[in-house]
Amino acid sequence: MFDRSFFSRSAVEVAPELLGARLVSGEVALRITEVEAYLGEGVDPGSHSFRGKTNRNAVMFGEPGHLYTYFTYGMHVCANVVCSPAGTSGGILLRAGEIVAGREIATARRRTSRSSVDLARGPARLTVALGITLADGGTDLASGPLRLELASESSDYESGPRTGVSGPGGGGEYPWRFWIPGDPTVSPYKAHAPKKRV
DNA sequence: TATGCGATTGCCT
DNA sequence: GGCAATCGCATAG
């Protein structure tokens with residue numbers, strides 16, 4: 001159980017404090033090592049909520065501390081923690097982490113990963129390892145089988161440009177990616193690659 | 001209604 | 001290092 005006011009602040013402010021927190025999903029637990037902050041409507045061109053509320057991003061306009069999931073590339077699910085002051089929208093994308101409990105279950109779900117550090121190294125891998133699906137969107141992470149346990153101590157962190165974000169707000173415009181330095185589960189930085197035109 | 005591409009991953013060369 | 005997979009959403013017409 002956490003104080004919901006923790007997530008009633010700017011995602012950029014909260015994101016580094018989320019490093020080291022544990023995301024528990026049933027028998028499996030993850031120690032978060034890499035996140036990205038996304039702000040809200042009209043503010044952050046890289047955010048799904050930039051153009052206002054839609055059916056897909058409605059959860060981000062709701063209660064802070066809930067789970068926002070989305071489907072992308074026709075096959076992947078990514079997870080965010082809704083994080084924004086009342087009346088605004090925003091979220092923190094969970095990009096990578098270390099499986100600290102239930103490794104056997106996570107390994108069975110992640111059949112293609114060859115080493116334990118790859119289990120949740122990447123936002124779509126992370127959701128597979130934890131068994132998170134689109135149906136989990138909107139879940140309150142304060143308590144329950146799918147919950148977030150904040151770190152008791154803040155950890156050191158580094159920040160840099162967000163990965164995979166194109167256009168305005170992408171590239172190095174905002175250093176809103178945060179990670180734990182030297183952790184092997186942090187995903188490699190990959191600049192956005194525009195699709196080749198025919 | 002039609003079209004282009006995405007907060008990615010894994011297999012192929 | 002390059003690229004296919006695969007479909008919902010946003011934008012254009």
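Please read these numbers as outputs of a predicted model, since none were measured by experiment.
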(message) Could you check whether any side-chain N or O of A/T133 sits under 3.5 Å from a backbone N or O of A/A135, counting only pairs where one atom can act as donor and the other as acceptor?
(response) yes
(message) Distance check needed: C/dT11 C1' versus A/R51 CZ, whole Å only.
(response) 9 Å
(message) As a test of reading the structure: which of B/dT8, B/dT9, B/dA7 is closest to the side chain of A/Y38, going by heavy atoms?
(response) B/dA7
(message) Please report the distance, rounded to the nearest Å, between CG in A/D118 and C1' in B/dC11.
(response) 14 Å
(request) Look at the side-chain N and O atoms of A/T54 and state whether any lies under 4.0 Å from the OP1 or OP2 oxygen of C/dA10. (result) yes
Which atom pairs, donor and acceptor, lie under 3.5 Å between side-chain atoms of residues 36-43 of chain A and protein residues at least two apart or in another chain?
from, atom 1, to, atom 2, distance (Å)
A/E36, OE1, A/Y38, OH, 2.7
A/E36, OE2, A/T163, N, 2.8

(request) Starting at atom CG of A/N55, determine the distance to atom P of C/dA10, rounded to an integer number of angstrom. (result) 9 Å
(message) Give the dot-bracket line for DNA chain B from 5' end to 3' end: parentheses for intra-strand Watson-Crick or G-U pairs under 3.5 Å, square brackets for crossings, | for inter-strand pairing, dots for unpaired.
(response) ||||||.|||||.
(request) Output yes when a side-chain donor or acceptor of A/S47 lies under 3.5 Å from a complementary backbone atom of A/D44, and no otherwise. (result) no
(request) With heavy atoms under 4.0 Å as the rule, sort A/N80 into base, sugar-phosphate or nothing. (result) base
(request) Measure from CG on A/L119 to C1' on B/dG10 and round the result to the nearest Å. (result) 15 Å
(request) May I have the step-by-step check of side chain to side chain contact (heavy atoms under 4.5 Å, CB included) for A/Y70 and A/M60, ending in yes or no? (result) CA-CA 11 Å; A/Y70 67 90; A/M60 272 206 284; over 6 Å; no
Side-chain donor-acceptor pairs of residues 2-9 of chain A under 3.5 Å, sequence neighbours excluded:
from, atom 1, to, atom 2, distance (Å)
A/D3, OD1, A/S5, N, 3.0
A/D3, OD1, A/S5, OG, 2.9
A/D3, OD2, A/S5, OG, 3.2
A/R4, NE, A/E63, OE1, 3.4
A/R4, NH1, A/P64, O, 2.9
A/R4, NH1, A/D140, OD1, 3.4
A/R4, NH2, A/D140, OD1, 3.4
A/R4, NH2, A/D140, OD2, 2.9
A/S8, OG, A/R4, O, 3.4
A/R9, NE, A/F6, O, 3.1
A/R9, NH1, A/E13, OE2, 3.0
A/R9, NH1, A/E17, OE2, 3.4
A/R9, NH2, A/F6, O, 3.3
A/R9, NH2, A/E17, OE1, 3.1

(message) When you measure from the side-chain N and O atoms of A/R121 to the phosphate of B/dT9, is any distance below 4.0 Å, counting only OP1 and OP2?
(response) no
(message) Tell me if the side-chain of A/Y70 makes a donor-acceptor pair with the base of B/dA7, cut-off 3.5 Å, by modelled atom types.
(response) yes
(request) Verify the distance criterion only: is there a donor paired with an acceptor across the side chains of A/T185 and A/T33 at less than 3.5 Å? (result) yes
(message) Base, sugar-phosphate or nothing for A/R111? Non-hydrogen atoms, less than 4.0 Å.
(response) nothing
(message) Tell me whether the rings of A/W176 and A/Y174 are parallel (<30°), tilted (30 to 60°) or perpendicular (>60°).
(response) parallel
(request) Find the distance A/K53:NZ to C/dC9:P and express it as a whole number of Å. (result) 16 Å
(request) Write down the distance separating the P atoms in B/dC5 and C/dC3, rounded off to the nearest Å. (result) 16 Å
(request) Output the single nucleotide from C/dA10, B/dG10, B/dT8 whose closest atom is nearest the side chain of A/R110. (result) B/dG10
(request) Using whole Å, report how far NE2 of A/H76 lies from P of C/dC9. (result) 17 Å
(message) Among B/dG6, B/dG10, C/dA10, which nucleotide has an atom closest to any side-chain atom of A/T112?
(response) B/dG10
(message) Counting only side-chain heavy atoms from C-beta out, which of B/dG10, B/dA7, C/dG8 sits nearest to A/F71?
(response) C/dG8
(request) Provide the distance between the two P atoms, one in B/dA2 and one in C/dT6, to the nearest whole Å. (result) 23 Å
(message) Has A/T107 got a side-chain atom pairing as donor or acceptor with A/R103's backbone, closer than 3.5 angstrom?
(response) yes
(request) Give the rounded distance in Å between these two atoms: CZ of A/R162 and P of B/dG6. (result) 15 Å
(message) Measuring from the side chain of A/M75 (C-beta onward, heavy atoms only), which nucleotide among B/dT8, C/dT6, B/dT9 has the closest atom?
(response) C/dT6
(message) Without decimals, in angstroms, what is the distance between A/Y68 OH and C/dC9 P?
(response) 10 Å
